[in-house]
Structure formats: structure tokens, C-alpha cells
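None of these values were measured; they are calculated from a predicted model. First listed ligand is number 1; within each ligand, the first listed atom is number 1.
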Amino acid sequence: MTQSAQNRAPDGPAAPHPLPRLPRGLPLIDGQLVEPLRPDRMVDTIDPSTGRVITQLHACTIDDVDRAVQAAHRCFESREWRTMRPLDRGRLLERLALLVEEHREELARLEALDSGKLLNVTRAIDLQFTIDGLRYYAGWASKIAGEYVSHSPLVPEDAVYRAYTQRRPVGVVAGITPWNFPIGQAIQKIAPAIAFGCTVVLKPALETSLTALRLGELILEAGFPAGAVNIITGHGPEIGTALVNHPLVRKIAFTGSTVTGQNILASAAQTMKRVTLELGGKSPAIILADADLDRAIPGAAAAIFANSGQICTAGSRLLIEAPIYDKVMEGVCDIARNLKLGSAFDPATQMGPLISARHRSRVAAMVEAGLAEGASAVAGGCPGEGDGWFYKPTVLAGVSSQMSVMQEEIFGPVVCAVRVDDAADIVRMANDTPFGLAASIWTRDLDRAHLLAERIDAGTVWLNTHNVLDLAMPFGGHKLSGLGHEFGNEAMKSFTEPKAVCMRLEARGLV
Ligand code: NAD
């Protein structure tokens, strides 16, 4: 990529915000930044706040996938990697954490430019989550443990059996990530893979590969062994599929849409690859009549409008108990109408753009379908102004469970509001979608809060808050929202497999 080509407008002046330092744009394969085998295949990457081209990225090919997987496999099999002390794998992650910390502002700006996420959010949330994630998994590397197992021989004999289990790394991991939390998601694949002794090939979303490419440079600087981490950029259906089908890949750690996840699961069946799928959602924010509305109303609005609704756990269905329906609607719509849309770099901006023109068209088409089916837009319901891919914060009322807007993930700043009457109605409505990722319940009544939480079919339920993730809490989806979990002890289980070792010891009078 050439600096002169960076951030040129297709037909206009230079970008309004200063450019952060851009990475060299080369894939990381086998411990080197390398030219792909077809260096002529380039794709524009666009600033969603302005619609301008930032730079061009390499679209790697299937042969590059093979190079990266072979390198990861060589490293995994190497004596150096197999015998590396767990504490030293942890130190690699710690060194990377220090480098990310050192380059925190640069990475936060790069992420804001590439994804349209607000700079104050990438600084405070994305980079903090990335650094915390590296440190969290660095600590895990030396805490992997098996078990001693009591053994009962079938036939009595003058011998004893002793058995234990080990947790062994699964092997080469393919990490495939979406565009809504680019650097954070990259680390959610790389850090546990390294901590638990695997090696990894990361394929970030093509829309937002810049921070992953910069991470690749920092990984080199941190001194990771060649092939331990490989990063390739390109089209999902082409190189993502090739990764999923590669015989040397043993696990796929995927975050993205349910449709892609379903295809990956079907393909992985051929080779019995281990799969974790973190997929889409249609999560309810449930406001009960006794809730503290001063917290619940802004909380429900943030649940859907944060990151322009592009959060898998976004509170995209708002279930409001009848006595407070009008008051909550008034409050949430008021916030929606007054949010300031704008560039990721403008400190006054409260909501940024969607990721791409294509995605904005998709969001608009889904809202149009809802309106055609009888919903009404009480706030928003159309694209916002400006060169970027803005869509107005939207509140839909008059919706029913049969409508597509209530069943399908929109992944934009669009919430469907529904009046609910009693506990049975709340549980029925909350569970009435094919997804089961998350939910929030807003109430002062602890009995109702805990008992309702038990009835909601979701991987995470928040009480009086929404979208709070923690690396120590298992994260995953029920139903079409996914398979398996990330974070905490669950990550250890999904990047390792138990191996049972059984031995026969001659008793010789010792027992
Ligand atoms: P996507 O499924 O289109 O793409 C995700 C990744 O998969 C990208 O890297 C893409 O290039 C790659 N890909 C595309 N087709 C592929 C194929 N056939 N084989 C292998 N890889 C392929 O999703 P997206 O539009 O980038 O992201 C938005 C989706 O991600 C939403 O549905 C959102 O809910 C979901 N998401 C889920 C979580 C979670 O943790 N549950 C978190 C963030 C986003």
C-alpha cells in the first residue's frame, strides 16, 4: 500500500481528520511480513465516517492460506513450541500487552478510522479490552491442569492402576472474526490460542483488517516464534472457507453471523474440527414496572444505540411492562431523536456510522420491510445525513412476533418496542425468537429479577445493566446464537482437549 494512496477521496479533498500511522499492510506468515502470492489482488478499505478510501489491502488467496496453516502446523509440532514453559508463553502475551499499551493511542485512532467506532470508545473500551485480554490469558498459560482419576479395575489382580488426565492443546486454530470489535476480537482468538499451547491463523473481517495487521507487526516485535501467530487478510467466502476446510486446522474459533456459522459447522463435520461459534442475537431489554426509570431508560437506549447497534448482544427488542410503557417510550424516543450522529473523530459525536454502504442498505431494507408489515417508526426510520454511512436511531412500535423485524437480527440502531402484561407474557415474548444470546432485566424486585433470569433462554442475563462483558464470565449463545463458549474456564476447555493416561503398576507388596 502506498502512503500517497492513503485516505484519498474517490473524487474529493483530503480527509478531515489526521491519519494515524497505517500498518505496512502485509500478512504475517511464518514469522515474517510477506507479500501474498498474488500481490496484485488489492481491495479498498473505507473510512465509514466519510466514505473515503483509507488504503488498499491484500486479498490473500487459498495458496496463502496453505502457507499460513503449514507455518502454524510446523510451529505447533516444533520442539521449541512443544517444550516452551507455560510461563514463557504467558510472557509472550505479556510482552504484546506492553507493546499494545505503548501504541494504545495509535491503535485507538486506527480502529476509529477503519470501523467508524467513536474514538473515545476505541480508547476506553476496545483498547482496554484488548490489553486486559492479553494479560488475562497470559495468566492462564501457567494454570492449565488435569486431574488425578480414581480407577476401579474390572478384575482383581496383583497390580494397581493409576490414571490421570492432561489438557492438551487442540492444535492449529483458525480464528475468524467480524468487523464490530476488530482488535478486541482478534485478541479473543490469538491470546487463548497461545496461552493454551495452540498456534493460530487469524483472518479478520476484510472491512476492518488494519488493527489486526498492525498487531501482526507488534507480534513480530514481541518475539513470538515463527508460525505461532499468522494473520492473513482477504475475502471470507474464499480464504475463510479455505481455512475451515484445511486438513491441518484442528479448531475453528468463529465470531460472526449465524448464516456463516451454520455453513462453518456443516463443513467442519467432514473433518471433525472443534468449533466454537459466537453468532448473532435478538436480545430483549425487559423493563419492569417497578424499575428505576432514571437508569432503565438511558440503559435501554444505550443497549441498542451503542456502536450504532452493531453489537451482537444489542438490546434490539424492548419489552416494557404496560403501566410504564408510555413513559419509557417517551424517554427512549427522546434520546433517539437527540443523539448527535457524526464522525468517529468528532468529540461531540454520540453515535457513529454503520460499517459500510452495503450494510446500511441492508438495515434500511429491513426497517422498510417492518414498516410494510405494519410497524411504525416513532423515531428515526431512515438514513442520516452526511457523507458517512449514517442511519438514524430508530424506535419501531406496533410490532408483533410474526414480523421479520422482531425475528431477524438487524445489527443496526433499530429497536422494536413491545408492551408486555404479566410474567407469562414476558417470558413468552423474551424467548420468542430463534436466538438466545443475551437479555437484560430492569427492576428493583430481586425475586422477580432472579426468577425471570432463570426462565430466559440466553447465554447471558444482565440485571439493571446491559452489554457488560468480563473475561472471567463465560460468554456464548443458546439456540441460533452459537455453540460453545469463550472467556474464563470455558476458553481453557475449548482450546484444549482432555487426554486420559492410564498405567498399570505391579503391586509387589507395596499396596
Ligand atoms: P460474517 O459472518 O459475514 O463475517 C464474519 C467473518 O467470517 C469475517 O471475517 C468474514 O470474512 C468471514 N466469512 C464470511 N464468509 C465466510 C465463509 N463462508 N467461511 C468462512 N469465513 C467467512 O459476519 P459480519 O457481518 O462480519 O459480522 C456481523 C455478525 O457477527 C452479526 O451477526 C453479529 O451478531 C455477529 N457477532 C457475534 C458476536 C458474538 O460474540 N456472538 C460478536 C460480534 C459479532
Side-chain angles (χ1 to χ4, degrees), residues 43 45 48 57 59-60 62 65 114-115 117 126 129 133 174-189 201-209 212 231-246 249 252-268 273 275-283 304 306-316 354-356 358-360 362-363 366 408-412 433-438 458-460 467 469 471 473-487 490-491 494:
V43 188
T45 191
L57 295 177
C60 292
I62 292 172
V65 170
D114 204 18
S115 69
K117 301 181 78 151
D126 298 65
F129 185 70
I176 304 180
T177 52
W179 37 257
N180 64 338
F181 278 91
I183 190 168
Q185 290 284 352
I187 286 305
Q188 285 318 310
K189 309 307 182 202
V201 180
L202 177 79
K203 194 215 82 61
L206 191 52
E207 294 87 342
T208 52
S209 293
I231 300 175
I232 51 175
T233 53
H235 299 284
E238 184 183 6
I239 62 167
T241 305
L243 266 177
V244 169
N245 293 330
H246 199 292
V249 169
I252 301 151
F254 174 78
T255 301
S257 64
T258 293
V259 169
T260 309
Q262 287 168 320
N263 290 334
I264 287 175
L265 188 57
S267 308
K273 290 186 172 70
V275 177
T276 41
L277 302 172
E278 302 291 346
L279 309 176
K282 195 75 188 172
S283 303
I304 182 64
N307 205 26
S308 312
Q310 303 168 118
I311 300 182
C312 52
T313 51
S316 52
L354 295 174
I355 187 66
S356 64
R358 186 162 147 256
H359 185 52
R360 183 171 68 171
R362 187 179 159 273
V363 169
M366 292 187 79
E408 294 171 22
E409 184 183 47
I410 298 176
F411 219 53
T433 80
F435 298 102
L437 191 56
T460 299
N467 280 340
L469 299 187
L471 289 153
M473 290 199 311
F475 181 73
H478 295 185
K479 301 196 280 184
L480 287 191
S481 290
L483 197 68
H485 285 74
E486 293 188 330
F487 300 178
E490 297 296 324
S494 77

Step by step, work out the side-chain hydrogen bond (donor to acceptor under 3.5 Å, both in side chains) result for Lys203 and Ser209. CA-CA 8 Å; Lys203 194 215 82 61; Ser209 293; over 6 Å; no

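- Taking distance alone, with nitrogen or oxygen atoms compared against 3.5 Å, Gly281 stays at or beyond that limit from ligand 1.
- Between Thr45 and Asp114 the shortest side-chain heavy-atom distance falls below 4.5 Å.
- The distance criterion of under 3.5 Å between nitrogen or oxygen atoms is met by Lys203 with respect to ligand 1.
- Counting the atoms of ligand 1 from 1 in the order shown, those under 4.0 Å from a heavy atom of Cys312 are 34 (O), 36 (N), 37 (C), 38 (C), 39 (C), 40 (O), 41 (N), 42 (C), 43 (C), 44 (C).
- No side-chain heavy atom of Leu279 sits less than 4.5 Å from a side-chain heavy atom of Phe435.
- Considering every non-hydrogen atom in both Ala268 and Ile252, the closest pair reads CB-CD1, 4.1 Å.
- Contacts between Pro204 and ligand 1, counted as non-hydrogen atom pairs separated by less than 4.0 Å, involve the backbone only.
- Taking each heavy atom of Ala212 and Leu202 in turn, the nearest pair found is CB-CD2, 4.1 Å.
- With a 4.5 Å cut-off on side-chain heavy atoms, Phe487 and Pro474 do not count as touching.
- Of the heavy atoms in Gln310, none comes closer than 4.0 Å to ligand 1.
- The shortest N/O to N/O separation between Thr255 and ligand 1 does not fall below 3.5 Å.
- Regarding atom 6 (C) of ligand 1, its nearest protein heavy-atom neighbour is Thr177 O, 3.5 Å.
- Among the atoms of Trp179, some N or O lies under 3.5 angstrom from an N or O of ligand 1.
- Considering only non-hydrogen protein atoms, atom 28 (C) of ligand 1 sits nearest to Phe411 CE2, 3.5 Å.
- Shown are Val275, Val249, Val65, Ile176; of these, the side chain to side chain contact (heavy atoms under 4.5 Å, CB included) with Val244 is made only by Ile176.
- Every heavy atom of Asn263 sits 4.0 Å or more from the atoms of ligand 1.
- A heavy-atom separation below 4.0 Å is found between Pro237 and ligand 1.
- The contact set between ligand 1 and Gly280, taken as ligand atoms under 4.0 Å from a residue heavy atom, comprises 32 (O), 34 (O).
- Checked against a 3.5 angstrom limit, the closest N/O atoms of Leu206 and ligand 1 fall outside it.
- Counting all heavy atoms, side chain and backbone alike, Leu354 lies closest to Gly412 at CD2-CA, 4.2 Å.
- Close contacts of ligand 1 with Ser257, meaning ligand atoms under 4.0 Å from a residue heavy atom, involve 1 (P), 2 (O), 3 (O), 23 (O), 29 (C), 30 (O), 32 (O).
- Annotation: atom 13 (N) of ligand 1 to nearest protein heavy atom, Gly236 CA, 3.5 Å.
- Considering only non-hydrogen protein atoms, atom 35 (C) of ligand 1 sits nearest to Gly256 O, 3.1 Å.
- Of the possible polar contacts, none joining the Thr177 side chain to the Ala186 backbone as a donor-acceptor pair under 3.5 Å is found.
- Counting only non-hydrogen atoms, the option in Val244, Thr260, Thr233 that gets closest to atom 16 (C) of ligand 1 is Thr260.
- Ligand 1 has no N or O atom lying under 3.5 Å from any N or O atom of Ser481, backbone or side chain.
- Counting protein heavy atoms only, atom 12 (C) of ligand 1 is closest to Ile176 CG2, 3.6 Å.
- In this structure, CD in Gln310 is found 8.5 Å from NZ in Lys117, a value given to the nearest 0.5 Å.
- Contact check for Gln185 versus Pro178: side-chain heavy atoms found under the 4.5 Å cut-off.
- For atom 27 (O) of ligand 1, the nearest protein heavy atom (residue, atom name, distance) is Pro178 CB, 3.3 Å.
- Close contacts between ligand 1 and Asn180 involve ligand atoms 43 (C), 44 (C) [criterion: under 4.0 Å to a heavy atom].
- Between Gln185 and ligand 1, a contact under 3.5 Å exists for no N or O pair.
- For the side chain to side chain contact (heavy atoms under 4.5 Å, CB included) with Thr208, the qualifying choice from Pro48, Ser356, Ser115 is Ser115, the only one to do so.
- The protein atom (non-hydrogen) at minimum distance from atom 31 (C) of ligand 1 is Glu409 OE1, 3.4 Å.
- Counting all heavy atoms, side chain and backbone alike, Pro204 lies closest to Ile232 at CD-O, 3.3 Å.
- Under the 4.0 angstrom criterion, atom 4 (O) of ligand 1 counts as lacking any protein heavy-atom contact.
- In summary, the atoms of ligand 1 found under 4.0 Å from a heavy atom of Gly240, numbered by their order in the structure, are 19 (N), 20 (C), 21 (N).
- At a threshold of 4.5 Å between non-hydrogen side-chain atoms, the residues Ile264 and Leu277 count as touching.
- Checking side-chain atoms of Lys282 against main-chain N and O of Glu408 turns up a donor-acceptor pair under 3.5 Å.
- Residue contacts with ligand 1, taken as heavy atom pairs separated by less than 4.0 Å, involve Thr241 via backbone and side-chain atoms alike.
- At a 4.0 Å heavy-atom cut-off, ligand 1 touches Phe254 through the side chain alone.
- In this structure, the protein non-hydrogen atom closest to atom 41 (N) of ligand 1 is Leu279 O, 2.7 Å.
- Between the Thr260 side chain and the Gly256 main chain, no donor and acceptor come within less than 3.5 Å of each other.
- The two residues Cys312 and Ser283 have their closest heavy-atom pair at O-OG, 4.4 Å.
- On a distance-only criterion, His235 and ligand 1 share no N/O pair closer than 3.5 Å.
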